[in-house]
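Please read all numbers here as calculations on a predicted model, not as lab measurements. The basis for the numbers below is simple: all heavy atoms, side chains too, and nothing from hydrogens, waters or symmetry mates.
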Amino acid sequence: GISPIPKYKIITSGLLVALFIEIINLNVLYLYLTKIFNIALPKDIFHTILILTFGVIASFSLAIFIGLFIKGSLKKKNGVLISIIMTLTFFSGGMGPVENKSILEKKLPILVNISPVSSMSKGIYSLFAYDNLNVYWHSLARIVLFIIVLLLLSIKYIRRKSYDDL
């Protein structure tokens, strides 16, 4: 439709509000897990919240991408989004026996490496397991790359759609 505000500004403002809310949620969840359930999460709160925040942005980017490219009802778009997220979770080794992760890394390394869920998992695990942050930064970079690719494709689609409407 015709609006005095460009679509990218509307999307950006919606993303920023949602991101703000999710950052609050992440902090509450972090406190809840560590203080109520006494779960030992990485001591490095900054890096943990940083990678989780980029994980949230990755999920927003995927939702925007699906919302633009999949035609049909909201129910259909949600179904596609959930199935993609579940597939990415599977390729990260987040489903089934622990052995699945090593099998997937050997047999389908490309799918494991493009999964932002796998990158988040590796990044958070690296905060526990390694003395340096090399694996962490590599994992964060892959998540950022995932975000950039989806957002650029979405922007390209929006711009093309705008020209088609003229």
Side-chain angles (χ1 to χ4, degrees), residues 3 5-70 72-95 101 111-130 133-159 161:
S3 171
I5 302 170
K7 287 181 184 179
Y8 76 90
K9 286 185 180 180
I10 294 169
I11 291 172
T12 302
S13 63
L15 278 176
L16 290 175
V17 169
L19 181 60
F20 179 73
I21 292 168
E22 285 302 317
I23 289 172
I24 291 170
N25 288 339
L26 286 173
N27 284 295
V28 169
L29 177 63
Y30 191 89
L31 290 172
Y32 187 73
L33 291 173
T34 56
K35 303 301 181 202
I36 304 297
F37 287 120
N38 294 322
I39 295 174
L41 294 175
K43 300 287 185 236
D44 190 346
I45 294 172
F46 172 76
H47 287 103
T48 304
I49 296 296
L50 182 66
I51 200 163
L52 291 175
T53 300
F54 276 98
V56 168
I57 296 169
S59 69
F60 290 165
S61 303
L62 181 59
I64 290 169
F65 181 80
I66 296 301
L68 289 172
F69 283 91
I70 301 297
S73 68
L74 183 58
K75 224 180 229 188
K76 179 180 177 184
K77 292 177 183 186
N78 281 335
V80 170
L81 183 60
I82 289 169
S83 32
I84 289 173
I85 290 171
M86 296 305 282
T87 302
L88 292 173
T89 303
F90 174 78
F91 286 124
S92 75
M95 295 180 179
K101 185 171 176 107
L111 294 176
V112 171
N113 286 326
I114 64 169
S115 169
V117 179
S118 179
S119 297
M120 283 185 59
S121 175
K122 284 180 187 176
I124 292 170
Y125 176 77
S126 73
L127 294 175
F128 277 111
Y130 304 116
L133 295 174
N134 293 341
V135 173
Y136 173 86
W137 290 118
H138 181 73
S139 297
L140 188 61
R142 286 193 305 188
I143 295 168
V144 170
L145 180 62
F146 180 84
I147 292 166
I148 290 169
V149 167
L150 289 181
L151 288 179
L152 286 176
L153 289 171
S154 298
I155 289 167
K156 185 175 181 176
Y157 180 82
I158 289 171
R159 291 185 76 197
K161 188 91 170 128

Side chains of L68 and L153, heavy atoms from C-beta outward: is any pair under 4.5 Å?
no

Let me confirm one number: the CD1-CG distance from I57 to L16, rounded to the nearest 0.5 Å.
9.0 Å

Mind checking the CG-CG spacing from N25 to L52? Nearest 0.5 Å is all I need.
12.0 Å

Using 30° and 60° as the class limits, which term best fits the ring planes of F69 and Y157: parallel, tilted or perpendicular?
tilted

Do S115 side-chain atoms and L88 backbone N/O form a donor-acceptor pair below 3.5 Å?
yes

With distance as the sole test, does K122 use its side chain to make a donor-acceptor pair with the main-chain N or O of S139 at under 3.5 Å?
no

Compare every heavy atom of R142 with every heavy atom of S119, then report the nearest pair and how far apart it is.
OG-NE, 3.2 Å

Please walk me through it: do I39 and T34 pass side-chain contact (heavy atoms from CB on, under 4.5 Å)?
CA-CA 5 Å; I39 295 174; T34 56; 5.8 Å; no

Can any side-chain N or O of Y136 pair as donor or acceptor with the backbone N or O of H47 at less than 3.5 Å?
yes

Can you list the residues that meet the ring pair (Phe, Tyr, Trp, His ring centres under 6.0 Å) rule with Y32, with sequence neighbours excluded?
F37

Just jot down the ring pair (Phe, Tyr, Trp, His ring centres under 6.0 Å) partners of F91, sequence neighbours excluded, or say none.
none

Quick one: CG on L19 to CZ on F54, what's the gap to the nearest 0.5 Å?
9.0 Å

Least distance between heavy atoms, T53 atom then L26 atom:
N-CD1, 3.9 Å

Keeping S83 on the side-chain end and V80 on the backbone end, is there a donor-acceptor pair under 3.5 Å?
yes

Rounded to the nearest 0.5 Å, how far apart are OG of S59 and CD1 of I64?
9.5 Å

In Å and rounded to the nearest 0.5 Å, what is the CD1 to CG distance from I147 to L152?
11.5 Å

Sub-4.5 Å side-chain heavy-atom contact between L150 and L62
yes

Using a 3.5 Å distance criterion without hydrogens, assess whether the side chain of S121 forms a donor-acceptor pair with backbone atoms of V117.
no

About how many Å separate CG of L111 and OG of S118, when rounded to the nearest 0.5 Å?
10.5 Å

Side-chain touch L81/I70, heavy atoms, less than 4.5 angstrom
no

Looking at side-chain heavy atoms only, is the closest gap between F146 and I114 below 4.5 Å?
no

If you compare all heavy atoms of D44 against all heavy atoms of T48, which two are closest, and at what distance to 0.1 Å?
O-OG1, 2.8 Å

